[in-house]
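A short write-up of the structure that comes next.
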Amino acid sequence: MIVGLGNPGIEYQFTPHNAGFLAIDRIAERCNAVVANRRNRALTATAKLAGFDVVLAKPETFMNLSGIAIRMLAEELEIDPLQDLIVLYDEVDLPLGSLRVRERGSSAGHNGAKSISGALGSDEWLRVRIGVAPEDVEAASRVRKRSADYVLTPFRKKELAVLDEVLDRVAEAVEVVLKEGAGAAMNRFNRREEPAE
């Protein structure tokens, strides 16, 4: 099960906090799937990805209650979320254009991650964190202090172009996790992309 975190509603669609939803949409696009089936307080789709049958999901519970929908889906689908779950979400501690694959970890203050760990009773679930912080160090520092405002403010056009490129890499990272495991994905995608000369 591959879950992207975000907030439902058109006003949140292109905000940093919806990077996870946008990543699920990108994966669905690649699989010719439409994430539109309502089930257990989430929009879902079944798809074939990297040769595997997967469920794509976007919880409709709002970010802070994401864990509720994930636990309900895992129970209905009879999957072990600590083995068969990949969660995609925004990360203000990483610059826009970057991503990090991790097999476990604390929520680092992210309310969606906190909700999932609480609902599952564990931090041992696989995540792909999508960087959303500004490149500029001072601006990034300000964002971390006032992240609640920043993550709910729509991206600028230039930022959307950078996000668009990283969403393709997120989709690729998920495929590598499925085919080769988390270790291979971390080796390949946890490096900082260097700008072209």
Side-chain angles (χ1 to χ4, degrees), residues 1-81 83-91 96-97 99 101 110-113 115-116 119-120 125-132 151-152 154-155 157 159-180 182 185 189:
M1 182 165 72
I2 305 161
V3 180
L5 303 189
N7 288 313
I10 195 77
E11 68 272 31
Y12 299 114
Q13 188 173 5
F14 294 110
T15 63
H17 230 15
N18 273 35
F21 274 12
L22 295 169
I24 286 292
D25 290 340
R26 181 61 53 88
I27 292 168
E29 199 178 287
R30 287 175 161 218
C31 300
N32 294 317
V34 178
V35 185
N37 299 325
R38 283 208 153 78
R39 126 197 240 179
N40 290 317
R41 300 177 72 183
L43 291 175
T44 67
T46 53
K48 196 80 139 170
L49 182 64
F52 293 86
D53 291 319
V54 297
V55 172
L56 305 176
K58 301 194 304 191
E60 292 190 293
T61 50
F62 285 90
M63 182 65 79
N64 297 359
L65 299 174
S66 300
I68 294 170
I70 290 172
R71 189 179 63 219
M72 288 167 64
L73 282 168
E75 286 170 1
E76 184 201 324
L77 299 167
E78 298 180 351
I79 68 160
D80 177 356
Q83 299 292 321
D84 299 316
L85 172 68
I86 302 171
V87 182
L88 319 174
Y89 64 89
D90 63 292
E91 179 56 75
L96 183 63
L99 67 95
V101 179
H110 191 286
N111 289 330
S115 172
I116 295 167
L120 301 181
W125 44 274
L126 198 140
R127 66 215 60 200
V128 179
R129 296 163 35 216
I130 305 164
V132 295
V151 296
L152 297 177
F155 280 117
K157 196 179 271 188
E159 294 166 329
L160 280 172
V162 176
L163 181 68
D164 185 59
E165 182 273 328
V166 83
L167 292 177
D168 283 332
R169 286 193 292 121
V170 170
E172 288 162 21
V174 169
E175 289 192 33
V176 171
V177 168
L178 292 173
K179 286 192 285 197
E180 301 172 42
F189 294 94

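Residue numbers start at 1 and run along the sequence shown. Bear in mind that the values here come from a model prediction, so they are computed numbers and not experimental data.
Residues T46 and D53 form no side-chain contact, since every pair of their non-hydrogen atoms from C-beta on lies 4.5 Å or further apart. The closest side-chain heavy-atom distance from V54 to M1 is not below 4.5 Å. When side chains are defined from C-beta on, R30 counts as touching D168, because their heavy atoms get closer than 4.5 Å. A heavy-atom distance below 4.5 Å is not found between the side chains of V101 and I86.
Heavy-atom contacts from other residues, nucleotides or ligands closer than 6.0 Å to CD of E78 number 12 or fewer. No more than 12 heavy atoms of other residues, nucleotides or ligands lie within 6.0 Å of CZ in R41, so this atom counts as exposed by the packing criterion.
Between the side chain of N64 and the main chain of N111, no donor-acceptor pair closer than 3.5 Å is present. Looking only at distances, a side-chain donor or acceptor of N18 sits under 3.5 Å from a matching main-chain atom of Y12. Looking at S115, its side chain does come within 3.5 Å of a backbone N or O of G67 through a donor-acceptor pair. Side chain of R26 to backbone of V166: no donor-acceptor contact under 3.5 angstrom is found.
Taking both residues in full, the closest heavy atoms of F21 and P8 are given as CE2-N, 3.9 Å, listed atom of the first, atom of the second, then distance. Heavy-atom minimum distance, L85 versus P81: CB-O, 3.0 Å. Residues L88 and A23 approach most closely at CD1-CB, 3.7 Å, considering heavy atoms. The heavy-atom pair separating V3 from P59 by the smallest distance is CG1-CD, 3.6 Å. V35 approaches A28 most closely through the heavy-atom pair CG2-CB, 3.7 Å. Taking each heavy atom of T61 and A69 in turn, the nearest pair found is CG2-CB, 4.1 Å.
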Do F155 and V132 pass the side-chain contact (heavy atoms from CB on, under 4.5 Å) test, and can you show the C-alpha distance, the side-chain angles, and the key distance before you say yes or no? CA-CA 9 Å; F155 280 117; V132 295; 4.1 Å; yes
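Considering only residues two or more places apart in sequence or on other chains, D84 meets the salt bridge (Lys or Arg N to Asp or Glu O under 4.0 Å) condition with none of them. A search for ring-ring contact (aromatic ring centres under 6.0 Å, His included) contacts involving H110 returns H17, Y89, not counting sequence neighbours.
The CG atom of L73 sits 6.5 Å away from atom CD of E76, with the distance rounded to the nearest 0.5 Å.
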